[in-house]
J.: 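Before anything else, here's the structure in question.
A quick note: this is a predicted structure, and the numbers were derived from the prediction, not measured.
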Amino acid sequence: MSRLQVVSGKGGTGKTTVAAALALALATEGKRALLVEVEGRQGIAQLFEAQALPYEERKIAVAPGGGEVFALAIDPELALLDYLQMFYKLGSAGRALKKLGAIDFATTVAPGLRDVLLTGKACEAVRRKDKRGRFAYDYVVMDAPPTGRITRFLNVNDEVAGLAKIGPIHNQAQAVMRVLKSPETAVHMVTLLEEMPVQETADGIAELRAARLPVGRIIVNMVRPSILDETDLELTREAPRTAIAKSLSAAGLGGARRGGVAERLVEPLLTQADEYAERHALERDQRAVLQGLDLPLHELPLLAEGMDLGGLYELAKELRQQGIS
């Protein structure tokens with residue numbers, strides 16, 4: 001597995017949930033994973049039922065087998081202060097610039113610089129080693145921007161080309177791109193079995209491939225359980241209504257008399273079956289589109305009781321069982 005795992009997806013597909021579950025899955029058996037948030041939404045803290053994350057790495061969960069998950073919410077302004085201190089030793093002068101609003105101004109008027117800082121912080125965590133020469137984290141998982149801007153976000157070298165031709169900013173962008181375009185990185189796409197998310201996933205993968213960024217896997221989230229197969233659906237279309245009513249009656253759902261409960265249940269049940277058949281066909285078609293993208297495909301179930309911390313561990317277990325860790 002690549003050491004930097006980038007997770008993107010259309011809004012509403014649950015990419016933050018998948019990123020968190022992936023971090024838990026990768027941290028199993030004593031591994032250490034850093035879960036990075038770059039959009040300032042504090043979605044990770046909400047998923048782990050924790051307080052808002054500060055701009056520092058802190059342990060947020062223990063994975064099965066004693067592994068650890070750390071989390072970091074990257075603040076572009078504070079990341080720029082780190083950058084200025086690292087390369088220019090500004091110290092208190094950098095803090096003064098923040099008070100004057102210069103830091104916010106710089107990251108607003110130069111969005112390419114902002115992305116360099118965000119991706120750069122994640123790449124620094126990937127490369128960082130302890131005093132023994134071991135990597136500080138076995139994996140870094142980034143909850144990245146949505147599909148529509150993931151390629152531009154990751155392709156920071158192009159973004160800063162007009163901003164800095166030489167110097168530390170240029171060098172930082174080059175160092176970031178060496179990580180992002182190497183086997184150390186994999187960009188995963190989260191989708192639903194619906195037409196629009198699947199189309200955005202296909203478009204996003206095409207853009208990533210055109211930019212020569214390493215595409216990893218497709219993760220289909222919130223997959224509904226299969227209730228009826230093709231044979232069952234065919235039977236609902238062909239079975240006489242009287243036969244269905246008799247079956248319902250035999251099962252104890254109302255008497256067999258004409259106009260009884262069993263007979264009144266037939267039409268609503270057949271309507272539900274038709275709706276299920278329509279959705280089943282749509283999901284089958286969208287799954288075929290995803291399979292045609294020639295990438296490993298994983299599916300995570302829709303949790304009937306909603307998403308909570310227990311559900312997050314359940315999704316992590318599912319990912320491990322599918323061989324993603």
J.: Are Leu22 and Leu4 linked, directly or through intermediate hydrophobic residues, by side-chain heavy-atom contacts shorter than 4.5 Å (ILVMFWY only)?
T.: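 In one cluster: no.
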J.: Any donor-acceptor pair under 3.5 Å linking the side chain of Gln42 with the backbone of Leu53?
T.: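 Flag set: sc Gln42 to bb Leu53 pair under 3.5 Å.
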J.: Between Gln322 and Glu299 (side chain of the first, backbone of the second, donor and acceptor by atom type, cut-off under 3.5 Å), is there such a pair?
T.: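 A pair under 3.5 Å: yes.
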J.: Counting only heavy atoms not in Gln51, do more than 12 sit closer than 6.0 Å to its CD atom?
T.: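 At most 12 heavy atoms, drawn from other residues, nucleotides or ligands, come within 6.0 Å of this atom.
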J.: Determine, step by step, whether Leu35 and Phe48 satisfy the side chain to side chain contact (heavy atoms under 4.5 Å, CB included) criterion, reporting the C-alpha distance in whole Å, the side-chain angles of both residues, the deciding distance to 0.1 Å, and the verdict.
T.: CA-CA 12 Å; Leu35 181 56; Phe48 285 96; 3.8 Å; yes
J.: Report, as yes or no, whether the 6.0 Å neighbourhood of atom CG on Asp130 holds more than 12 heavy atoms from other residues, nucleotides or ligands.
T.: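 Correct, the count exceeds 12.
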J.: Ile219 pairs by side chain to side chain contact (heavy atoms under 4.5 Å, CB included) with which of Val7, Leu297, Thr191, Ile324?
T.: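 Answer to the side chain to side chain contact (heavy atoms under 4.5 Å, CB included) test with Ile219 among Val7, Leu297, Thr191, Ile324: Ile324.
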J.: Please round to the nearest 0.5 Å and tell me the distance separating atom CZ of Arg320 and atom CG of Leu315.
T.: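 Rounded to the nearest 0.5 Å, the CZ-CG separation comes out at 11.0 Å.
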J.: Is there side-chain contact between Ile218 and Ile205, with at least one heavy-atom pair below 4.5 Å?
T.: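 The answer is yes, as the side chains (C-beta and beyond) meet within the 4.5 Å cut-off.
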J.: Applying side chain to side chain contact (heavy atoms under 4.5 Å, CB included), run through Leu193 and Leu282 and close with a yes or a no.
T.: CA-CA 8 Å; Leu193 288 176; Leu282 171 66; over 6 Å; no
J.: Ignoring hydrogens, what is the shortest heavy-atom contact between Gly120 and Val176? Give both atom names and the distance.
T.: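 Nearest heavy atoms, Gly120 then Val176: CA-CG2, 3.5 Å.
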J.: Looking only at non-hydrogen atoms, find the nearest pair between Ala25 and Leu319 and report the distance.
T.: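 Looks like CB-CB, 4.1 Å.
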J.: Within the 4.5 Å heavy-atom criterion, are Arg32 and Phe135 side-chain neighbours or not?
T.: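 A side-chain contact is absent here, since even the closest heavy-atom pair is not under 4.5 Å.
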J.: Are the side chains of Leu295 and Val215 in touch, meaning some heavy atoms are under 4.5 Å apart?
T.: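 Yes. Closest side-chain heavy atoms under 4.5 Å.
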J.: Please find the pair of heavy atoms, one from Ala23 and one from Ala33, that lie closest to each other, and give the distance.
T.: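 Answer, listing the atom of Ala23 first, then Ala33: O-CB, 3.7 Å.
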J.: If I take atom OG from residue Ser8 and atom NZ from residue Lys15, how far apart are they, to the nearest 0.5 angstrom?
T.: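 It comes to 6.5 Å.
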J.: Run the salt-bridge test on Arg41 and Asp143 with the 4.0 Å N-O cut-off and return the result as yes or no.
T.: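 Looking at Asp143 together with Arg41, the answer is yes, because their closest N to O distance falls below 4.0 Å.
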J.: Do Thr28 side-chain atoms and Pro64 backbone N/O form a donor-acceptor pair below 3.5 Å?
T.: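 Looks like yes, one N/O pair under 3.5 Å.
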J.: Please check if the side chain of Ser182 supplies one atom and the backbone of Glu184 the other of a donor-acceptor pair under 3.5 Å.
T.: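 At least one qualifying donor-acceptor pair exists.
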J.: Say whether, by atom type as modelled, one donor and one acceptor occur between the side chain of Thr185 and the main chain of Lys181 under 3.5 angstrom.
T.: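 Absent.
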J.: Starting from the C-alpha separation in whole Å, work towards a yes-or-no answer on side chain to side chain contact (heavy atoms under 4.5 Å, CB included) for Ile150 and Glu207.
T.: CA-CA 9 Å; Ile150 184 61; Glu207 290 177 3; 5.8 Å; no
J.: Quick check: closest heavy atoms across Leu192 and Gly12, and the distance to 0.1 Å?
T.: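 Scanning both residues, the minimum pair turns out to be CD1-O, 4.1 Å.
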J.: Rounded to the nearest 0.5 Å, how far does CZ of Arg152 lie from CG of Asp115?
T.: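 Atom-to-atom, Asp115:CG and Arg152:CZ are 8.0 Å apart.
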J.: If you draw a 6.0 Å radius around CD in Glu195, do more than 12 non-hydrogen atoms from other residues or ligands fall strictly inside?
T.: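 Atom CD in Glu195 is not crowded, with 12 or fewer foreign heavy atoms closer than 6.0 Å.
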J.: Within the 4.5 Å heavy-atom criterion, are Leu26 and Val141 side-chain neighbours or not?
T.: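 A side-chain contact exists here, since the closest heavy-atom pair is under 4.5 Å.
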J.: Quick one: are Val126 and Val140 in side-chain contact, heavy atoms under 4.5 Å?
T.: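 In short, these two side chains touch, coming nearer than 4.5 Å.
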J.: State plainly whether one hydrophobic cluster holds both Val220 and Leu312, where clusters connect Ile, Leu, Val, Met, Phe, Trp and Tyr through side-chain heavy atoms under 4.5 angstrom apart.
T.: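 Cluster IDs for Val220 and Leu312 differ.
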J.: Taking NZ, NE, NH1 and NH2 as the nitrogens, is one of them in Glu283 or Arg287 under 4.0 Å from a carboxylate oxygen of the other?
T.: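 So Glu283 does not pair with Arg287 through a salt bridge.
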J.: With hydrophobic residues grouped by side-chain heavy-atom distances under 4.5 Å, do Val18 and Leu72 end up in a single group?
T.: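 Cluster IDs for Val18 and Leu72 differ.
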J.: Do the side chain of Arg3 and the main chain of Tyr137 share a donor and acceptor less than 3.5 angstrom apart?
T.: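 A pair under 3.5 Å: yes.
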J.: For Met1, look at atom CE and say whether over 12 heavy atoms of other residues, nucleotides or ligands are found less than 6.0 Å away.
T.: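 Counting other residues, nucleotides and ligands, CE of Met1 exceeds 12 neighbours.
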J.: Quick one, Phe70 and Ile60 - any side-chain contact, counting heavy atoms below 4.5 Å?
T.: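 No; the side chains remain at least 4.5 Å from each other.
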J.: Tell me whether Gln5 contacts the main-chain N or O of Ser2 through its side chain, where contact means a donor paired with an acceptor under 3.5 Å.
T.: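 Indeed, once roles are kept as given, a pair shorter than 3.5 Å links the two residues.
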J.: Can you tell me how far apart CZ (Arg149) and CG (Leu154) are? Round to the nearest 0.5 Å.
T.: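 Spacing of CZ (Arg149) from CG (Leu154) equals 10.0 Å.
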J.: Do Val69 and Val62 share a hydrophobic cluster (ILVMFWY, side-chain heavy atoms under 4.5 Å, transitive)?
T.: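 As far as the 4.5 Å side-chain criterion goes, Val62 and Val69 are not connected within one cluster.
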J.: Please determine whether residues Ile44 and Val36 belong to a single hydrophobic cluster, defined as Ile, Leu, Val, Met, Phe, Trp and Tyr linked transitively by side-chain heavy-atom distances below 4.5 Å.
T.: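 No, separate clusters.
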J.: So do the side chains of Val6 and His188 get within less than 4.5 Å of each other, counting heavy atoms only?
T.: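 In short, these two side chains do not touch, never coming nearer than 4.5 Å.
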J.: Test side chain to side chain contact (heavy atoms under 4.5 Å, CB included) on Phe153 and Met142; report intermediate values, then the result.
T.: CA-CA 12 Å; Phe153 173 77; Met142 181 194 292; 3.7 Å; yes
J.: Identify the two heavy atoms, one from Pro296 and one from Gly216, that lie closest to each other, and give their separation to 0.1 Å.
T.: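 Closest approach of Pro296 to Gly216, heavy atoms only: CD-O, 3.6 Å.
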J.: With a 4.0 Å cut-off on N to O distance, would you call Lys31 and Glu68 a salt bridge?
T.: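 Salt bridge: no.
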J.: Which distance, rounded to the nearest 0.5 Å, do you find between the CD of Gln46 and the OG1 of Thr17?
T.: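 It comes to 10.0 Å.
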J.: Does any part of the side chain of Val38, heavy atoms only, come nearer than 4.5 Å to the side chain of Lys121, both counted from C-beta?
T.: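 Lys121 does not reach Val38 side chain to side chain.
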J.: Which atoms form the tightest heavy-atom contact between Glu318 and Leu300, and what is the distance?
T.: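 In terms of heavy atoms, the two residues are closest at CG-CD2, 3.7 Å.
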J.: Do Glu37 side-chain atoms and Gly43 backbone N/O form a donor-acceptor pair below 3.5 Å?
T.: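 Yes: the side chain of Glu37 pairs with the backbone of Gly43.
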J.: Can you tell me how far the CD atom of Glu194 sits from the CZ atom of Arg279, to the nearest 0.5 Å?
T.: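 Interatomic distance, Glu194 CD to Arg279 CZ, rounded to 0.5 Å: 10.0 Å.
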